[in-house]
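Below, all heavy atoms of this structure are taken into account, side chains as well, without hydrogens, waters or symmetry copies.
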Amino acid sequence: MKKIVVTGGCGYIGSHTIVDLVQNGYDVISIDNNSKSDPSILDGVEKILGKKIKNYVTDLCDLAATQAVFEQNKDIAGIIHFAAYKAVGESVHKPLVYFENNIGSLVNILKCAEQFNVPNFVFSSSCTVYGNPDVEAVTEETPQKPAESPYGATKQMGEVIVNSTVVSNNLKAILLRYFNPVGAHPSILIGEVPLGRPANLVPAITQTAIGKLPTMQIYGSDYDTRDGSCVRDYIHVCDIAHAHTLALNFLIDNKSNNKSEIFNLGTGNGYTVLEAIHAFEKVSGVKLNYSIGPRRVGDVVAIYANNNKAKSELGWNPENTLEQMMDSSWKWELKLQKNKAV
Ligand code: WQD
């Protein structure tokens, strides 16, 4: 079995990707220092898979410690690099923490890829690299606008660093630009575990619905969109996870003559915040307690994916509907509350 290193394997997308990789025949080890993730997430992964997953609690900003993991695990066929800080708002207040961590860890994992002759690299990027695009349905060629936050800047810089690195060595790379990952694994054994008050829409919805939050705000209803609230492309985390397996297969099978390829990972459908809330209310039967508040600084008005390249070249077909995403998010929130009650 080909062995893959997943950095950030205890995180939301990392954990779901480990499940998909193993179920598609890969052997996986994780590197995650649990600074922003809950190690118990791997318990859920192991329950789904029926096998142990080794996680090295190692800070990727510590090159020697990271090299030690690769010394103990030879013949790695690929690296999927998720580990990064990702809170847009926090990055505005702590830019140097974000640059040091997100760029420092990326440089170190790429150094290990070079040093230990790892041939394939998948980088966790984001639609945030488009900034506030001139078109709503962005393709991989849509010109990037200035990032709206230091977090977004680390993703733009990360793409440049990966693309520059593959030019000068045997590494091949794929950059996956996620739109808005939401939902939970159908087993409801793994899902998103936000640290503190959730910044993202869907955990804010489910925590308000279950009473963890007294209410929530819609950040602006006066945008030039069909109902005044922002438009996003919500994509199920399991569809995102499977795209990583397909991306690795694509690299290992040498499907491209290019040293790096970019793919948008979105459904191709844009939904407003109000439409997302109404979809949640429909599947949960819960009337959500929300109010309309001021716009949030840095918000993009409207963006969704043109996903034709991932569909045609990776053979990727996102299947989950918005209602299925909301249904699994709600079931996961109910599970978290039940676990806490025990
Ligand atoms: C979505 C919409 C908010 C909360 C960011 C990153 C992206 C990815 C996901 C990491 C916006 C509105 C939100 C709330 C609201 N990050 N909203 N009330 O900002 O599109 O994307 O997170 O993987 O890279 O850029 O996601 O969920 O924060 O916001 O009205 O309480 O929901 O204004 O329009 P965003 P989000």
Problem - Asn132 side chain to Val300 backbone, donor-acceptor under 3.5 Å - result: no
Exercise for the section: Salt-bridge test for Lys331 and Asp327: reply yes if a basic N is under 4.0 Å from a carboxylate O, no otherwise. Expected result: yes
Practice task
Taking Glu281 for its side chain and Leu288 for its backbone only, find out whether a donor-acceptor pair lies under 3.5 Å.
Solution key: yes
Exercise for the section: Using modelled atom types only, decide if a donor and an acceptor are shared between the side chain of Thr7 and the backbone of Phe82 within a distance under 3.5 Å. Expected result: yes
Exercise for the section: List the atom of Lys51, the atom of Met1, and the distance in Å for their closest heavy-atom pair. Expected result: NZ-CE, 4.5 Å
Handout entry: Flag for Tyr151-Glu90: side-chain donor and acceptor within less than 3.5 Å
Key = no
Handout entry: Between Tyr26 and Asn249: side-chain donor-acceptor atoms closer than 3.5 Å
Key = yes
Problem - Heavy-atom donor-acceptor pair, Asn264 side chain to Val138 backbone, under 3.5 Å - result: yes
Practice task
Indicate whether any N or O donor in one side chain lies under 3.5 Å from an N or O acceptor in the other, for Thr245 and Asp20.
Solution key: yes
Problem - Axial cation check for Tyr98 ring with Lys94, 6.0 Å and 45° limits - result: no
Exercise for the section: Check whether Leu21 and Val5 end up in the same hydrophobic cluster, where Ile, Leu, Val, Met, Phe, Trp and Tyr are linked by side-chain heavy atoms less than 4.5 Å apart. Expected result: no
Practice task
Applying ring-ring contact (aromatic ring centres under 6.0 Å, His included), name anything that partners Tyr130, two or more places apart in sequence or on another chain.
Solution key: none
Handout entry: Exam field: side chain Gln337 to backbone Glu333, donor-acceptor pair closer than 3.5 Å
Key = no
Practice task
List the steps and the verdict of side chain to side chain contact (heavy atoms under 4.5 Å, CB included) for Thr165 and Asn169.
Solution key: CA-CA 7 Å; Thr165 304; Asn169 60 26; 3.5 Å; yes
Handout entry: Side chain Trp330, main chain Ile210, donor-acceptor under 3.5 Å
Key = no
Problem - Donor-acceptor under 3.5 Å (Asp32 side chain, Cys10 main chain) - result: yes
Fill in the blank from the handout: Residues pairing under salt bridge (Lys or Arg N to Asp or Glu O under 4.0 Å) where one sits in residues 67-83, two or more places apart or in two chains, turn out to be Glu71-Lys74
Exercise for the section: Report yes if some heavy atom in the side chain of Ser328 is under 4.5 Å from a heavy atom in the side chain of His185; otherwise report no. Expected result: no
Exercise for the section: Would you check if the side chain of Asn307 reaches a backbone N or O of Gly266 as a donor-acceptor pair within less than 3.5 Å? Expected result: yes
Practice task
Would you confirm whether Lys259, through its side chain, and Val166, through its main-chain N or O, come within 3.5 Å as a donor-acceptor pair?
Solution key: yes
Problem - Contact summary for Leu195 and Ser35, nearest pair of heavy atoms - result: CD1-O, 4.3 Å
Problem - Pair His244 and Tyr178, ring centroids less than 6.0 Å apart - result: yes
Practice task
Taking only Lys NZ, Arg NE, NH1 and NH2, and the carboxylate oxygens of Asp or Glu, determine whether Lys309 and Glu261 approach each other closer than 4.0 Å.
Solution key: yes
Practice task
List for me each residue that meets salt bridge (charged side-chain N to carboxylate O under 4.0 Å, His left out) alongside Glu159, sequence neighbours excluded, and say none if there are none.
Solution key: Arg177
Problem - Mutual orientation of the aromatic rings belonging to Phe123 and Phe121 [parallel < 30°, tilted 30-60°, perpendicular > 60°] - result: parallel
Problem - Check: Asp233 side chain, Gly268 main-chain N or O, donor-acceptor pair, under 3.5 Å - result: yes
Exercise for the section: Would you tell me whether Asn73 and Tyr56 have side-chain atoms, one donor and one acceptor, within less than 3.5 Å of each other? Expected result: yes
Problem - Steps toward side chain to side chain contact (heavy atoms under 4.5 Å, CB included) verdict (Val237, Tyr12) - result: CA-CA 8 Å; Val237 65; Tyr12 176 40; 3.6 Å; yes
Exercise for the section: Return the minimal non-hydrogen interatomic distance between Asn163 and Ser260, and the atom names on each side. Expected result: OD1-OG, 2.6 Å
Exercise for the section: Report whether Leu251 and Leu175 are members of the same hydrophobic cluster (ILVMFWY, side-chain heavy atoms less than 4.5 Å apart, transitive linking). Expected result: no
Practice task
Verify whether the ring centers belonging to Tyr290 and Phe280 lie closer than 6.0 Å.
Solution key: no
